[in-house]
There are 2 protein chains.
Amino acid sequence: MDNVLTRKLEHFAPLPAADRQLLDEIVLPVRDVPARTDLIREGQSSDNVRLIIQGLAYRYKNLANGRRQVVAYLLPGDFCDLHVHILKAMDHSIATVSACKVVDISRHRIAEMIGRPALARALWWATLVDEGTMREWLLNVGQRPALERIAHLFCEFYVKLRAAGMVTGTSFALPLIQEDIADTTGLSMVHVNRCLQQLREAGLLKVRHRLVEINDTDGLMHFCGFNPNYLHLDNLEPVA
Amino acid sequence: MDNVLTRKLEHFAPLPAADRQLLDEIVLPVRDVPARTDLIREGQSSDNVRLIIQGLAYRYKNLANGRRQVVAYLLPGDFCDLHVHILKAMDHSIATVSACKVVDISRHRIAEMIGRPALARALWWATLVDEGTMREWLLNVGQRPALERIAHLFCEFYVKLRAAGMVTGTSFALPLIQEDIADTTGLSMVHVNRCLQQLREAGLLKVRHRLVEINDTDGLMHFCGFNPNYLHLDNLEPVA
DNA sequence: TTCGACCATCAACCTATGTTAGTCCCCGAC
DNA sequence: GTCGGGGACTAACATAGGTTGATGGTCGAA
């Protein structure tokens, strides 16, 4: 199976063949977006819904003084703005990290999806997972010390990318720079750098050249109290 | 109109009379829950969906070391766990702040609501508003300094309670203690205390005896860069 | 009316993290 | 092959906010 949307939605429950076929039609044609490019900006509205097919993107909000908070990452199979036709304007922006492949899906197609019970439930599940993730991030940023906060972020990437089949062995590609990690965790870039070195010295994880290698999965998860329940990936094979 | 659910959902769009009638049936019978009581705990699941009719409650998550993060407040008209039958277990807990009146709604009733297009859209809108709020909180906790962070929280309460008709003039009841504010903003109780005094000295806002008085609405909102767009209350009368 | 609990407040001190201002390394463009 | 730029990394210093522990209101219950 190479339809990333199907793959993602079937983490909730298997889909009828007819639904899978609809998803196969929806997933084309693909458009290329360069790295570090805004897909949609706060205040904008739009008729289409965008879906990430390949690459990494993120949602973010800015403060007037220029400070930035990343509020979510978007992986292949994630929708950018499923809600544009309910809400009048975006309350945040979305940008690519790496070069991405994106499809634009018409409003009518979305309605078609939502008309199918199995798909509607799967999309609802995806929404709930996103909410659960934001709650966990709030806990992370609000209560965990810097080292654990960063470790937790890497645990989450590990589990989500693994579910998407994007982890080979014990390492995965992650096109983030340290400043992205800083803006995700509410820390300064300098402190992120210090922490990454400490995590490396502790033998928990290595980050070099946009490649993350997790030496000690259990150790890392235990260190930051990572509990994947909030991702609701009940169909997930246990961690190796 | 005294149906808090109708009132809330009609912030999105007016509802057909038949839908309003369904909501009137749903909103009974009411059950009393004392203050500072868990409504549902992380890991639990449940067949019913709870709806807050009166009082204040909050969603929260705990760390193993006992630290607590409040991730959302629930006002009259808010559902506690609309998703229990999609997800297998709660990924967070919910507790009351003040004594609350709550209704338990059966799964079948929820399905009935979702079957009505106008209600389904209104519920979807409510979900999206909750998501938008969490993104704003992430920005708040991750990027704003303590004073602005607390000011922002009070701005949000002001606007939401005002939309719910729970603000009289320039002040409103808010049963939170300083420790709640601390656990909401990711600050220590002591620092919250310091900040509240500074906000008072600055003539922006006074908090005493669970009563908040906002002296200078515009000043307060400007001070913390509050922009209510994320609440998507397009039908809201402008701030007095 | 008194008592006890709970909550607000205060002071002294501490430290995790931020800031500034660099250097260095690597890679891709020409 | 060299140049330029982005990103990683360092060091020295600054501070916002945390911690601890004590004091003092206020209010409801008996």
Side-chain angles (χ1 to χ4, degrees), chain A residues 34-37 56 63 65-69 95-99 140-154 173-201 205-213 224, chain B residues 34-37 56 63 65-69 95-99 140-154 173-201 205-213 224:
Chain A
R36 303 291 168 182
T37 307
L56 180 67
L63 245 33
N65 62 16
R67 300 190 61 133
R68 179 183 69 148
Q69 176 70 40
T96 58
V97 177
S98 58
N140 204 33
V141 173
Q143 305 298 334
R144 273 192 266 255
L147 264 176
E148 294 171 32
R149 210 183 289 182
I150 293 172
H152 193 278
L153 178 64
F154 281 102
L174 191 73
L176 298 181
I177 64 175
Q178 295 186 357
E179 192 170 359
D180 295 325
I181 299 174
D183 292 348
T184 305
T185 52
L187 299 164
S188 72
M189 218 180 78
V190 173
H191 201 56
V192 166
N193 185 287
R194 290 192 276 245
C195 288
L196 287 177
Q197 288 176 58
Q198 281 185 258
L199 289 171
R200 184 176 337 130
E201 280 157 28
L205 113 129
K206 248 178 288 192
V207 190
R208 277 183 63 77
H209 304 302
R210 314 293 122 84
L211 198 75
V212 180
E213 187 175 346
C224 62
Chain B
R36 302 292 168 182
T37 307
L56 181 66
L63 245 33
N65 62 15
R67 299 190 63 135
R68 177 183 70 147
Q69 175 71 38
T96 59
V97 177
S98 58
N140 205 33
V141 174
Q143 305 298 335
R144 273 191 264 255
L147 264 175
E148 294 171 30
R149 209 183 288 183
I150 293 172
H152 193 279
L153 178 64
F154 281 102
L174 191 73
L176 298 181
I177 63 175
Q178 295 187 357
E179 192 169 1
D180 295 324
I181 299 173
D183 291 349
T184 305
T185 51
L187 299 164
S188 71
M189 215 179 82
V190 174
H191 201 57
V192 166
N193 185 284
R194 289 192 276 244
C195 288
L196 287 178
Q197 290 175 57
Q198 281 184 259
L199 289 171
R200 186 178 332 134
E201 280 156 27
L205 115 128
K206 249 178 286 192
V207 189
R208 278 183 62 77
H209 305 303
R210 313 296 122 83
L211 197 76
V212 179
E213 186 176 348
C224 63

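When reading the values below, keep in mind they use all heavy atoms of this one structure, side chains included, and skip hydrogens, waters and symmetry mates. Chain naming here is simple, since letters A, B, ... match the order of the sequence lines and numbering starts at 1 in each.
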Over all atoms of both residues, closest heavy-atom pair of B:N140 and B:L153: ND2-N, 4.5 Å
Residue of the set B:N193, B:L187, B:V207, B:V190 for which side-chain contact (heavy atoms from CB on, under 4.5 Å) holds with B:Q178: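 Of the listed residues B:N193, B:L187, B:V207, B:V190, the side-chain contact (heavy atoms from CB on, under 4.5 Å) partner of B:Q178 is B:N193.
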Nucleotide nearest A:S188 when distance is taken to its side chain, options C:dG18, C:dT20, C:dA8: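 Ranking C:dG18, C:dT20, C:dA8 by closest atom to the A:S188 side chain puts C:dG18 first.
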Return the value, rounded to whole Å, for the distance between atom [atom1] of [X] and atom [atom2] of [N].
{"X": "A:N193", "N": "C:dG22", "atom1": "CG", "atom2": "C1'", "value": "14 Å"}
{"X": "B:E201", "N": "C:dT9", "atom1": "CD", "atom2": "C1'", "value": "13 Å"}
{"X": "B:L176", "N": "C:dC6", "atom1": "CG", "atom2": "P", "value": "18 Å"}
{"X": "B:H191", "N": "C:dA11", "atom1": "NE2", "atom2": "P", "value": "16 Å"}
{"X": "B:L199", "N": "C:dT9", "atom1": "CG", "atom2": "P", "value": "12 Å"}
{"X": "A:M189", "N": "C:dT23", "atom1": "CE", "atom2": "P", "value": "16 Å"}
{"X": "B:D183", "N": "C:dC7", "atom1": "CG", "atom2": "P", "value": "13 Å"}
{"X": "A:R144", "N": "C:dT17", "atom1": "CZ", "atom2": "C1'", "value": "18 Å"}

Donor-acceptor contact below 3.5 Å, side chain A:T37 vs main chain A:T96: no
Whether A:E213 side chain and A:L205 backbone form a donor-acceptor pair below 3.5 Å: no
Separation of B:Q143 CD from A:D183 CG (nearest 0.5 Å): 6.0 Å
Contact interval (first through last nucleotide) of DNA chain D with protein chain A, 4.0 Å heavy-atom: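 Span of nucleotides near chain A: D:dG7 to D:dA12.
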Polar side chain donor-acceptor pair, B:H191 to B:R194, under 3.5 angstrom: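 Side chains of B:H191 and B:R194: pair found under 3.5 Å.
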Below 4.0 Å: OP1/OP2 of C:dC10 and any side-chain N or O of B:Q197: yes
Any B:R210 side-chain nitrogen or oxygen under 4.0 Å from OP1 or OP2 of C:dA8: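 Yes, such a contact exists.
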For a quick check of understanding: with a heavy-atom distance under 4.0 Å over all strands, which category does [X] fall into, base, sugar-phosphate or nothing?
{"X": "B:R200", "answer": "sugar-phosphate"}
{"X": "A:E179", "answer": "nothing"}
{"X": "B:L187", "answer": "sugar-phosphate"}
{"X": "A:R208", "answer": "nothing"}

Pair B:E148-A:L63, side-chain contact (heavy atoms from CB on, under 4.5 Å): steps then yes or no: CA-CA 12 Å; B:E148 294 171 30; A:L63 245 33; 5.6 Å; no
Which residue lies more 5' along DNA chain C, comparing A:P145 with B:R36 via nearest heavy atoms: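 Here B:R36 is the residue nearer the 5' end.
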